[in-house]
Structure formats: C-alpha cells, structure tokens
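Comments concern the structure below.
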Amino acid sequence: DATGLTPTASREQLADDELLAEVRESIGEQLRAWLMRTASAAPARFHRFLEIHALAVKGMALVDEQLFSAVLPFLRFETNHGLLTLPELQATTDVIHVTATTHEFRQVAAVAAAQGVAVVNGGYVHDAELVARFAESEPDVTVRPIGPGDLESHVRVVPDDRLRAVRDALDRARETLDRLDVDVELRTFAPASVPALYLDDPETERRRQRREVAEASDDTWAAILDSLDDGAPTRPSLLLNDANPTVTRVLGLSDPELAQVAVESLYVRALLMGHHRLRAPDLAVLDRSFLTLLDRAVGGAHD
C-alpha cells in the first residue's frame, strides 16, 4: 500500500525508477528474513511452505549464501535412494553423482543404486547448480557427472565359455532386434531383478537425429549435416542381464518363435522402464509381443 510510487501514463504498471528499485530491495529483504526466521523457528511450517514454493526458494538460495545455509537442511532432491536432503546424502557417501537430465537419471538409477553409487537427478531446475554449490561449501564432498555411457564400468563381461554356450541364442536375439537398429549384448550386473537395460547416450541420440534430418532434407542441408557427421555408430544397445533368471530361461528356449517374442518383450520392457520414447516400430513390437504371449498363455491353459 504505497502513495509515493509513480504509475505509468496508462496506469497499468509502475515507473521503473530508483524508488521502485529501493522498494523491491526492501521487499526482498523482508522475504529473505521471513524465510530464514521460519526455517529456524518453525521447521514444520517451513516444510509446508516448501511443498508449494520449493522452486522459488532454490532459486533464491543460489544467489544468497546465508539463505543457502539456512534452507539447505530442508531442500529435498530426487536421488536413486529416494527423496533426500544433501546433508542426508552426504552422510552416506563422499561422492555424489549427478545426471544432466531426468531421462538419463531413469536409465542409470537402478544399476547405480545396486552398486552403492549415489545419484542425484540433475534434470530439475536449479538442482544441479545447488549440488555443485553444496560441494563448494563442503570440501569433503566430490560431485561427478554420470550418464548412460558410464554404466559400462558397473557391468561385468560374461565369461567366454558362457558366451559360447548361448551363442546361437544371442545371434537370434541380435537378428530379432537388428531390424529395429538395436545392438544386443550379454552382460552381468546388479540388481538381478532388472532383466535388460536400454542404453542410448545423448551424443549417440543427437548423432542419429542429425542423420534422420539429413535424409529428409534437400541436397544443400543434407551436405551441411553430412559435413558435421563424424561417422560414429548411432545404434543404441540392449544389455541382457545374465544374472536374471528370466533372461537365462529365454536364452535356453528351443522354440525360435517364442524366443523371438521373448526378446522383443524384454526390449520393450527396457524401453518402458527407462521412460524412452517409443517409435512406431517399437509400438508395433509391443502390441505383437503382448498379444502373442497372451495367446500362448491362454492356449497353454486351455490345453
């Protein structure tokens, strides 16, 4: 409620002058003081406040050191161990890994958790910056980026004798997914409850999108995009988990048709669990594999 501020000629807003700047600064100081006072004296009320205004508070904490220290114990982040504050996460590890996007977090979360690797979803606004700021204030904490390409260090190679034993089954699986431009590899990783992982790092995806655009463009644009192409592979990978009982049974199937449908089902499940975009061919595989397995189950029960 002010009488000294000057409205514009249209009376729709205030003139952006020195007085308005002082008012803004004063209001900002009041908000900051309220936040710090409430966080200290009424933590339950502050938690309720954050349920609505967490994003704004995170943005303010990034530019205000005192506010950052005051609200940090209340700010929760999505991690592969649940919703935690950064001090809570620090109590479990001295290395915090951060993904660049939510999509990458969904790909690496389960496997990283099984290896004891703490991962924060850095895909939300301000979260990656706040984690970096936390590491600057805590010398014992190290922050490292992590993405789908880093999972290779957390999966084990299957022994040669095992690969020879399932060579024919793997060849059939690769032939099944080759028409979907997906590579198939057999690996062992935790947790054993995850039968397959679909890995598609951002750079490979961007490279594939550029080639798709080049194919649909005229000669000029196609030539420009081709000049930017490094010729690297663009196919994503499906890692079958040899530690998973279902994968073991699928690789031991003697029925070629059932083995094909089973591999397609594992592929589509990996896409869905990783929240990947389903292309038209993927949707067709999803529909066909589901109906075929359902028909087999109903037929078997009837027999």
Side-chain angles (χ1 to χ4, degrees), residues 80 103 105-117 148-201 204 233 235-303:
N80 59 342
H103 181 58
F105 176 79
R106 289 165 176 165
Q107 294 187 66
V108 307
V111 175
Q115 311 297 328
V117 177
D150 299 310
L151 286 184
E152 289 291 342
S153 60
H154 300 289
V155 301
R156 297 193 302 275
V157 177
V158 177
D160 290 340
D161 56 345
R162 171 61 176 163
L163 289 176
R164 285 193 293 269
V166 297
R167 181 179 57 189
D168 293 341
L170 281 177
D171 288 342
R172 288 195 297 268
R174 292 181 177 121
E175 183 179 354
T176 296
L177 297 186
D178 181 66
R179 53 191 172 81
L180 295 171
D181 291 327
V182 177
D183 293 328
V184 178
E185 299 294 339
L186 185 64
R187 295 287 189 269
T188 301
F189 52 87
S193 58
V194 176
L197 282 175
Y198 179 85
L199 298 184
D200 190 15
D201 65 84
T204 299
R235 288 164 65 111
S237 297
L238 182 73
L239 301 187
L240 298 178
N241 188 2
D242 201 39
N244 180 268
T246 300
V247 171
T248 301
R249 289 193 291 269
V250 168
L251 294 177
L253 288 172
S254 58
D255 183 338
E257 181 184 1
L258 183 57
Q260 176 183 339
V261 175
V263 169
E264 290 177 341
S265 299
L266 291 173
Y267 164 69
V268 175
R269 182 190 184 278
L271 286 178
L272 295 174
M273 293 301 295
H275 297 264
H276 297 278
R277 178 177 62 90
L278 295 181
R279 305 166 298 169
D282 300 329
L283 291 172
V285 167
L286 170 63
D287 185 57
R288 182 176 64 253
S289 61
F290 173 76
L291 292 177
T292 301
L293 290 176
L294 181 61
D295 182 65
R296 287 254 185 169
V298 173
H302 178 72
D303 293 339

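Nothing here was measured: the structure is a model prediction, and the numbers come from that model. The figures that follow rest on heavy atoms only: side chains count, while hydrogens, waters and symmetry mates do not.
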**Q.** Which residues share a salt bridge (charged side-chain N to carboxylate O under 4.0 Å, His left out) with R174, sequence neighbours left out
**A.** D171, E185
**Q.** Closest non-hydrogen atom pair, H276 against A270
**A.** CD2-O, 3.9 Å
(Q) Do V285 and R179 have side chains that approach each other closer than 4.5 Å (heavy atoms only, starting at C-beta)? (A) yes
Q) Does a salt bridge link D255 with R296, judged by any charged N lying under 4.0 Å from a carboxylate O? A) yes
Q. Considering the options V263, L163, V158, which one meets the side-chain contact (heavy atoms from CB on, under 4.5 Å) requirement together with L170?
A. L163
Q) Atom OG1 of T176 and atom CG of L238: how far apart are they, to the nearest 0.5 Å? A) 11.0 Å
Q) If you take all heavy atoms of P191 and A110, which pair is closest and at what distance? A) CD-O, 3.6 Å
Q: Taking the side chain as every heavy atom from C-beta outward, state whether V194 and F189 have any pair of such atoms under 4.5 Å apart.
A: yes
Q: Return the minimal non-hydrogen interatomic distance between A243 and T188, and the atom names on each side.
A: CB-CG2, 3.9 Å
Q. Looking at CG of L177 and CD of Q260, how far apart are the two atoms once the value is rounded to the nearest 0.5 Å?
A. 9.0 Å
Q | For the student: nearest non-hydrogen atoms of A196 and L240, plus distance | A | CB-CD2, 4.0 Å
(Q) Between R279 and L180, does the side-chain contact (heavy atoms from CB on, under 4.5 Å) criterion hold? Intermediate values first, please. (A) CA-CA 10 Å; R279 305 166 298 169; L180 295 171; 3.9 Å; yes
**Q.** Value rounded to 0.5 Å, distance of CG in D282 from CG in L272
**A.** 9.5 Å
Q. Got a donor-acceptor contact below 3.5 angstrom from the N244 side chain to the A192 backbone?
A. yes
Q: Please round to the nearest 0.5 Å and tell me the distance separating atom CG of L286 and atom CG of L271.
A: 9.5 Å
Q | Minimal non-hydrogen separation, P195 against L266, with atom names | A | CB-CD2, 3.8 Å
Q. Distance from D150 atom CG to L199 atom CG, nearest 0.5 Å?
A. 10.5 Å
(Q) Using every non-hydrogen atom in the two residues, find where A113 and N80 come nearest and quote the distance to one decimal. (A) N-ND2, 3.2 Å
Q. Quick one: OG1 on T292 to CG on D287, what's the gap to the nearest 0.5 Å?
A. 8.5 Å
**Q.** Any R235 side-chain heavy atom under 4.5 Å of D178 side chain
**A.** yes
Q: Kindly indicate whether the side chain of V117, heavy atoms from C-beta on, has any atom under 4.5 Å from the side chain of V108.
A: no
**Q.** Contacts of R162 that satisfy salt bridge (charged side-chain N to carboxylate O under 4.0 Å, His left out) - sequence neighbours left out
**A.** D242
(Q) Would you say CD of Q115 has more than 12 non-hydrogen atoms from neighbouring residues, nucleotides or ligands within 6.0 angstrom? (A) yes
